[in-house]
Each structure stands twice: as C-alpha cells, then as structure tokens.
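Working notes, beginning with the structure itself.
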Protein chains: 2
Amino acid sequence: MSQRPVRTDGPVPVYVQIADYIEADIKAGRLRPHDRIPTENAMHAEWGVARTTARRAVNLLRERDLVYTVPQRGTFVSPQ
Amino acid sequence: MSQRPVRTDGPVPVYVQIADYIEADIKAGRLRPHDRIPTENAMHAEWGVARTTARRAVNLLRERDLVYTVPQRGTFVSPQ
DNA sequence: GTACATTTGTTCGTATGTATA
DNA sequence: GTATACATACGAACAAATGTA
C-alpha cells in the first residue's frame, strides 16, 4: 500500500523517516497550510509503527515549526 | 459484583481477558445471536477499565467475527 | 417538535513496562 | 547507560447519530 517504506534495520530512526516523509509532503505542496496531517492512528495503520512512534514523528515536526497541534482535533500544517 | 476479575499484573492483556469473557458468554449461549453485548460504558463500570480498553476488547471480538457493531446503537452477537 | 440521554467514533495527552541496538 | 520502538492502559474532550421523554 505505502510507496514509502520505513526501515527499522537502517541508521535513520523510524520516527525521523516518517517526519521526513511528511516534511516532503509539505515542501512539495501536497500538504498545505492548515491542512491536517495524518493522525497518529493513521500513521500507525499506514506504516505499521506504534502510536508512540508516530507521536515522536509529530513532535519532531512541531520542533521544526512545520506543524501545530490542536488537542482532540488533530495536527495541522503551519501557515507560511 | 463481577465474579470475573481482570488482572493487570498478569501476562494476558486486560482487553484480551474481557474479550475472552464475552466470547465465553457467546459460546455458552448466555449471549445469543443479535443480543447486544455490554456497552463500552457498561464494561467500564463492570471491570473498572478505561473505555478505550473496553473498545479494544470489542475490536478484538469484531476481528474474531463474533460480533458486529451498529454505530450509535451498540454491538451485537453475530448470527450463527 | 424539542430536549435530553445514550452510545459509538475519533483524536490527542500521558504513563508504564518490555525489548533491542 | 542511552536511544529507539513496541504494546498496553489510563484519561479527556468532542462529534454524530439514535432513541426516548
């Protein structure tokens, strides 16, 4: 299903790989300001990772100021 | 109230224990086809577990094809 | 016709424990 | 010892639909 595999046997942590995928979507305009990024459960389903790992990817994107999270609503692409 | 305790300190996850209890009820005929199984809130009350944990038990029963869920109505024992 | 309670659906927040590299 | 990753389990808040009073 996913054209974008995550590798657990490589040097790059899974949560970084996922964050990089989403960052690429943002940079490419496939995700635009205020679009909702996939939920933690969606990432769990898409990549087969634990929800906690999906959270770490989101945290990383937040640290990069690429997204903002609204509790109980979702995580969205930052404006600009 | 409950003659059937759940144990959090054992090897079997709580949600599996609950699913197993309900499966036993179905197999024993205490719950029959199209009977409604306990709601998530009822499981919460009966076993003192979080609603999210009760949901996982229901999800497991659904994966076992023992029940089906009607949104806003409840979850019911599968026919046959 | 309206208001309320019930019930499942969804999503994020948080914590713990286990295993592995 | 630290970082990564998974599984489990608690909770909170809100949405949406249904059924009932």
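As the structure is a prediction and not an experimental result, all values here were calculated from the model. Chain A is the first sequence line, chain B the second, and so forth, proteins listed ahead of strands; every chain is numbered from 1.
- Put simply, R36(A) has a side-chain N or O that comes within less than 4.0 Å of OP1 or OP2 on dT11(C).
- Using a 4.0 Å cut-off between charged nitrogen and carboxylate oxygen, R4(A) and D20(A) do not count as a salt-bridge pair.
- Side-chain atoms of Y21(A) come within 3.5 Å of backbone N or O of P5(A) as a donor-acceptor pair.
- The residue T69(B) sits close only to the backbone: its heavy atoms come under 4.0 Å of sugar-phosphate atoms, none of a base.
- Of the side-chain N and O atoms in R56(B), one or more sit less than 4.0 angstrom from OP1 or OP2 of dT8(D).
- Although no hydrogens or angles enter the test, the distance criterion places no donor-acceptor pair under 3.5 Å between the side chain of Y68(B) and the main chain of P79(B).
- Taking only side-chain nitrogens and oxygens, R55(B) comes nearer than 4.0 Å to OP1 or OP2 of dG9(C).
- Going from atom CG of N59(A) over to atom C1' of dA3(D) covers 15 Å, rounded to whole Å.
- Rounding to whole angstrom units, NE2 of residue H44(A) and P of dT10(C) are separated by 14 Å.
- Residue contacts shown for V14(B) are limited to sugar-phosphate atoms, with no base heavy atom under 4.0 Å away.
- For P71(B), the listed nucleotide lying nearest its side chain is dG9(C); candidates were dG9(C), dT7(C), dC10(D).
- Remark: dC10(D) base-pairs with dG13(C). Criterion, Watson-Crick or G-U wobble with two distances under 3.5 Å.
- Residues I18(B) and W47(B) meet the side-chain proximity criterion, which asks for heavy atoms closer than 4.5 Å.
- Side-chain contact of T69(A) with R62(A): a donor-acceptor pair under 3.5 Å is present, judged by distance alone.
- Of the candidate nucleotides dT8(C), dG13(C), dA5(D), dT8(C) has the atom nearest to the side chain of T75(B).
- Close to dA9(D), at under 4.0 Å from its OP1 or OP2, lies no side-chain N or O of T53(B).
- In this structure, CD1 of I37(B) is placed 12 Å from P of dT7(C), rounded to the nearest angstrom.
- Look at CD on E40(A): it is 15 Å from C1' on dA7(D), rounded to the nearest Å.
- Atom pair W47(A):CH2 and dT4(D):P shows a separation of 18 Å (rounding to whole Å applied).
- For Y15(A), a side-chain nitrogen or oxygen approaches OP1 or OP2 of dT4(D) to under 4.0 Å.
- For Q72(B) and dT18(D), a side-chain-to-base donor-acceptor distance below 3.5 Å is absent, hydrogens and geometry of angles not being considered.
- Looking at heavy-atom distances under 4.0 Å, V49(B) makes contact with sugar-phosphate atoms alone, never a base.
- OP1 or OP2 of dA12(D) has not a single side-chain nitrogen or oxygen of R51(B) nearer than 4.0 Å.
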